[in-house]
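See below for the structure under consideration.
Counting begins at 1 with the first residue of the sequence. Heavy atoms only: backbone and side chains are in, while hydrogens, waters and symmetry mates are out. Bear in mind that the values here come from a model prediction, so they are computed numbers and not experimental data.
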Amino acid sequence: MLRLSNGIVIPDEELEITAIRAQGAGGQNVNKVANAVHLRFDVEASSALSDEIKRRVRALRDQRISSEGVVVIKAQEHRSLERNKNDALERLAELIERALVRRKPRKPTRPSKAAEQRRLERKSKRGQVKRTRSRIEPD
């Protein structure tokens with residue numbers, strides 16, 4: 001079971017955890033032992049998440065979320081299967097926690113008249129400096 005900070009509990013039945021061989025250097029241990037973890041979590045089929053949270057998870061710009069709404073996490077940093085499994089679960093929890101945070105709506109603002117005036121004055125002064133640097137034309 002995966003428990004999130006706001007009381008949401010994702011049951012083990014919704015998590016698909018597979019032990020696979022890790023990639024990269026590591027010698028005999030990597031070649032013989034399946035210590036890496038491949039975690040799959042179908043956001044759409046989850047009964048633990050509300051429709052609003054599902055929508056926010058899908059809206060996250062994360063390469064681990066497929067277009068069908070399946071989160072795929074591969075953990076292979078540690079040498080033990082248990083530590084890699086915990087790492088994958090922590091990363092999934094972190095991903096869902098990010099979706100739980102509600103962003104404040106942006107309030108469009110405008111610069112004040114005085115700020116606009118100061119900006120235009122700075123622009124014209126800068127243009128004047130550049131004009132004075134140009135080559136002088138003979139009379």
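- Put simply, CG on L39 and CD1 on I73 are 5.5 Å apart, with the number rounded to the nearest 0.5 Å.
- Closest approach of A34 and A19 over heavy atoms only: O-CB, 3.8 Å.
- Using a distance-only test at 3.5 Å, with no hydrogens or angles considered, no donor-acceptor pair links the side chain of E116 to the main chain of P111.
- Contact of the R102 side chain with the R56 side chain is registered, since non-hydrogen atoms from C-beta on lie closer than 4.5 Å.
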*asked:* As a quick check of understanding, evaluate side-chain contact (heavy atoms from CB on, under 4.5 Å) for L15 and L92, giving each step before the final call.
replied: CA-CA 10 Å; L15 301 172; L92 176 63; 3.5 Å; yes
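- Both L95 and L89 belong to a common hydrophobic cluster when Ile, Leu, Val, Met, Phe, Trp and Tyr are linked at side-chain heavy-atom distances under 4.5 angstrom.
- Under the 3.5 Å distance criterion, the side-chain polar atoms of R40 are left unmatched by any main-chain donor or acceptor of V71.
- Annotation: the span from R55 atom CZ to S50 atom OG amounts to 9.5 Å, rounded to 0.5 Å.
- For the atom pair NZ of K85 and OG of S80, the computed distance is 11.5 Å after rounding to the nearest 0.5 Å.
- Between K125 and E121, none of the side-chain N atoms (NZ, or NE/NH1/NH2) sits under 4.0 Å from a carboxylate O, so this pair counts as no salt bridge.
- When all heavy atoms are compared, the tightest approach of E68 to D42 is O-OD1, 4.4 Å.
- Rounding to the nearest 0.5 Å places CD of E82 at 11.0 Å from CG of N35.
- Within 6.0 Å of the CZ atom in R3, the count of heavy atoms belonging to other residues, nucleotides or ligands does not exceed 12.
- Between I17 and H38 there is no side-chain heavy-atom pair separated by less than 4.5 Å.
- Panel note: side chain N84, backbone V37; no donor-acceptor pair is recorded below 3.5 Å.
- Nearest heavy-atom pair, A36 versus L81, reported as atom, atom and distance to 0.1 Å: O-CD1, 4.0 Å.
- Here CD1 of I65 is found 5.0 Å from CG of L60. Values are rounded to the nearest 0.5 Å.
- A donor-acceptor pair under 3.5 Å is formed between the side chain of K54 and the backbone N or O of S46.
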*asked:* One pair to check against side-chain contact (heavy atoms from CB on, under 4.5 Å): L49 and F41. What are the steps and the verdict?
replied: CA-CA 12 Å; L49 303 177; F41 174 64; 4.0 Å; yes
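- Using a 4.5 Å cut-off on side-chain heavy atoms (C-beta onward), R98 and D62 make contact.
- Salt bridge R91/E94: absent, no basic N to carboxylate O contact under 4.0 Å.
- Across every non-hydrogen atom of I8 and A48, the tightest pair is CG2-O, 3.8 Å.
- For E77, the side chain to side chain donor-acceptor pair (under 3.5 Å) test picks out no residue, with sequence neighbours left out.
- The CG atom of L4 sits 5.0 Å away from atom CD1 of I10, with the distance rounded to the nearest 0.5 Å.
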